Colleague: 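Submitted below is the structure of interest, expressed as structure tokens.
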Number of protein chains: 2
Amino acid sequence: MGTTQLEPVQEPKYWHLKTVLNDALDSEFEVGEILPNERDLAARFGVARATLRQALEQLELEGRLQRRRGVGTTVAPPRIGVSVGPSAGTWPGAGRDAWDTVGCAEAAPPAAVAALLGVEAGERVHTVRRERMIQGQAIATEMLYVPPASVPGLSGMLGPAEHAPAVLRELRELELEGEDRAVELGSARAEDAKQLDRLPGAPVLVVTTRYYAQGRVAAASVATYRADTCRLTFGDSGALEVTHHQASDTRRAS
Amino acid sequence: MGTTQLEPVQEPKYWHLKTVLNDALDSEFEVGEILPNERDLAARFGVARATLRQALEQLELEGRLQRRRGVGTTVAPPRIGVSVGPSAGTWPGAGRDAWDTVGCAEAAPPAAVAALLGVEAGERVHTVRRERMIQGQAIATEMLYVPPASVPGLSGMLGPAEHAPAVLRELRELELEGEDRAVELGSARAEDAKQLDRLPGAPVLVVTTRYYAQGRVAAASVATYRADTCRLTFGDSGALEVTHHQASDTRRAS
DNA sequence: GAGTGGTCTAGACCACCTC
DNA sequence: AGGTGGTCTAGACCACTCG
């Protein structure tokens, strides 16, 4: 990163800066290595700190960097491929999976979820909150919504300790006919952010799933994956092992 | 949006501002309506323009707003659900689809794609560039990579006009055994941004697909979807019609 | 307490669109 | 020409982590 000055160009400074840094990351840094602090970097490139930060933000969005308040900025490892396909046994086939149940309650779901399930707004359903751990870190949180009608075997009035396992067990007994998924970009709510060890507003991939049984929507879940560290795979035939770096400059492809 | 001042709270101003605006959008604005300009809004809430912009940026990221330079900020319609599942005939079954071919060449793919295809870096493959149109607007661009070995029927030396259809035709003849997909967050390169009518760096969902035939990877594609306007659906049983607004505040769920 | 990234300000100028 | 969002600056202070 010997560059001391940016040659004046037409494109925005932060954009040019981003490509310069991106190339430097490839050639001069190792994964996990910490970068100079923002004030130094800004001075070195002759830009204001806000401009430098704009470049870093994008690189973080693309999964190239990891920034932690009070600590510093480090070079991120390649994104982790996490399987969310039906074959993944993500749920509810769930053998020994990386999912940890962290909470459980009966509550009224958000309006959008109620519509998904076809229940009245305000109607209470079983909810299970889980988080997905990979390599020791939480990469996703999930909220699972199960209308009582889907799990008639479940007698009411359970203590919190038995509740979650009971709901999951009942669900496993159901014959699932299929499932639907949708992925969209979102930003982490305060609650999710905390579990994912990110700041509120961090970019996340929101995976909404509908589970079908007996011709109806038997359950739904909303999972929130860290967008900086995850690549979601939907595979017939196993995950993609190779990371595709969506290059930030125009020079890459032929 | 009668609020003239933000009550002082502990959370960051831009975050609070975001939830205030988000609620105002629900209750006081119609889709397509234009908001007051940034300078007025900032003054109205008693914050600097940069702070106001930080809130708007997040709302745009979540698909609630659409901003256009020289024009203004408008309330965005709900995200469009676009199917990218195998059943979608996204490609190459392709009946009359919303895909438009916009270019074609023989070129060396980016290193990451070469690895995916299992060809040498620098080796030339057929490339087809397409864009996906929905409701009159481009929502995705795609680059398709096909090694010559996968389409032996293709005699070399074709004019640009015949090339793309020929590649697609040959591909349709193949017996595809399956496909793999991965989704991750990226930012639009200059070229993609132009086709998607966004600024460079705009957030996009990058869908990488591997197509298998005869036990090998016969082709690969990298598609870039506008993250602000799209919700990607992977369905056995049809798309989710209901939008899930990943709420920005904590008050939504029970 | 020293050092980091995160938030915020009050300006300025630029690129783009529309009239 | 006038209005919009996009870029950029040079500061300040805050929240967090760590030795």
Side-chain angles (χ1 to χ4, degrees), chain A residues 5-6 8-19 21 33-61 64-76 187-188 190 193-194 197-203 228, chain B residues 5-6 8-19 21 33-61 64-76 187-188 190 193-194 197-203 228:
Chain A
Q5 210 65 19
L6 295 172
V9 286
Q10 202 58 7
E11 57 191 349
K13 278 188 185 177
Y14 80 92
W15 184 259
H16 183 214
L17 191 46
K18 186 185 118 178
T19 80
L21 287 169
E33 201 173 342
I34 64 180
L35 269 61
N37 73 53
E38 297 183 348
R39 290 161 179 87
D40 285 354
L41 277 179
R44 185 174 323 194
F45 288 107
V47 301
R49 189 176 158 222
T51 304
L52 185 268
R53 277 180 61 79
Q54 214 174 336
L56 295 184
E57 250 149 53
Q58 285 232 4
L59 288 169
E60 189 179 30
L61 195 83
R64 300 284 283 144
L65 292 178
Q66 193 152 353
R67 300 192 288 171
R68 317 195 74 188
R69 167 153 50 176
V71 181
T73 302
T74 59
V75 180
S187 47
K194 205 161 143 191
D197 188 29
R198 301 267 66 197
L199 292 176
D228 55 344
Chain B
Q5 209 64 18
L6 294 172
V9 286
Q10 202 58 7
E11 57 189 350
K13 278 188 187 175
Y14 79 92
W15 185 260
H16 183 214
L17 192 46
K18 186 185 119 178
T19 79
L21 287 170
E33 201 173 342
I34 65 181
L35 269 63
N37 73 52
E38 296 183 348
R39 290 161 179 87
D40 285 353
L41 277 178
R44 186 174 323 193
F45 288 106
V47 300
R49 189 177 156 219
T51 304
L52 185 269
R53 278 179 60 80
Q54 213 175 338
L56 295 185
E57 250 148 53
Q58 285 232 5
L59 289 170
E60 189 180 29
L61 194 84
R64 300 282 286 142
L65 293 179
Q66 192 152 354
R67 300 193 288 171
R68 317 197 69 185
R69 166 152 54 175
V71 181
T73 302
T74 59
V75 180
S187 47
K194 206 160 139 191
D197 188 29
R198 300 266 68 196
L199 291 177
D228 56 343

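The sequence lines fix the lettering, A, B, ..., with proteins before strands; numbering per chain opens at 1. Here the structure is a predicted model, which means the values were calculated and not measured.
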Colleague: Listing time: all N or O pairs from protein to nucleotides 1-4 of chain C that are below 3.5 Å?
Modeller:
from, atom 1, to, atom 2, distance (Å)
C:dG3, N2, A:Gly70, O, 3.3
C:dT4, OP1, A:Asn37, ND2, 2.8
C:dT4, OP2, A:Asn37, ND2, 3.1
C:dT4, O2, A:Gly70, N, 3.1

Colleague: Nucleotide range of DNA chain D contacted by chain A, 5' to 3', under 4.0 Å to a heavy atom?
Modeller: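 On DNA chain D, the outermost contacted nucleotides are D:dT7 to D:dT17.
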Colleague: Report yes if some heavy atom in the side chain of B:Asp228 is under 4.5 Å from a heavy atom in the side chain of B:Arg198; otherwise report no.
Modeller: yes
Colleague: Of A:Ala48 and B:Glu60, whose nearest nucleotide on DNA chain D comes first from the 5' end?
Modeller: B:Glu60
Colleague: Return all side-chain donor-acceptor pairs below 3.5 angstrom for residues 33-40 of chain A, not counting sequence neighbours, or 'none' if the list is empty.
Modeller:
from, atom 1, to, atom 2, distance (Å)
A:Glu33, OE1, A:Glu30, N, 2.7
A:Asn37, OD1, A:Arg39, N, 2.9
A:Asn37, OD1, A:Asp40, N, 2.9
A:Glu38, OE1, A:Arg49, NE, 3.1
A:Glu38, OE1, A:Arg49, NH2, 3.1
A:Glu38, OE1, A:Arg53, NH1, 3.2
A:Glu38, OE2, A:Arg53, NH1, 3.1
A:Glu38, OE2, A:Arg67, NH1, 3.1

Colleague: Does B:Leu199 reach a base, just sugar-phosphate, or nothing at all? Heavy atoms under 4.0 Å.
Modeller: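 Sugar-phosphate only.
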Colleague: Please identify each residue that fulfils salt bridge (Lys or Arg N to Asp or Glu O under 4.0 Å) with B:Asp197, with sequence neighbours left out.
Modeller: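 With sequence neighbours excluded, B:Asp197 shows a salt bridge (Lys or Arg N to Asp or Glu O under 4.0 Å) to B:Arg68, given in chain and number order.
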Colleague: Side chains of A:Leu21 and A:Phe45: closer than 4.5 Å at any heavy-atom pair?
Modeller: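 Contact flag for A:Leu21/A:Phe45 side chains = yes.
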Colleague: Could you report the tightest heavy-atom contact between A:Ser187 and B:Gln58, atom names first, then the distance?
Modeller: OG-OE1, 3.5 Å
Colleague: Give the rounded distance in Å between these two atoms: CZ of B:Arg198 and C1' of C:dA15.
Modeller: 15 Å
Colleague: How many angstroms lie between NZ in B:Lys13 and CG in B:Leu52, if you round to the nearest 0.5 Å?
Modeller: 11.5 Å
Colleague: With rounding to the nearest 0.5 angstrom, report the OG1 to CG distance, A:Thr73 to A:Leu65.
Modeller: 6.5 Å
Colleague: Please enumerate all residues that pass side chain to side chain contact (heavy atoms under 4.5 Å, CB included) together with A:Pro200, with sequence neighbours excluded.
Modeller: A:Ala193, B:Trp15
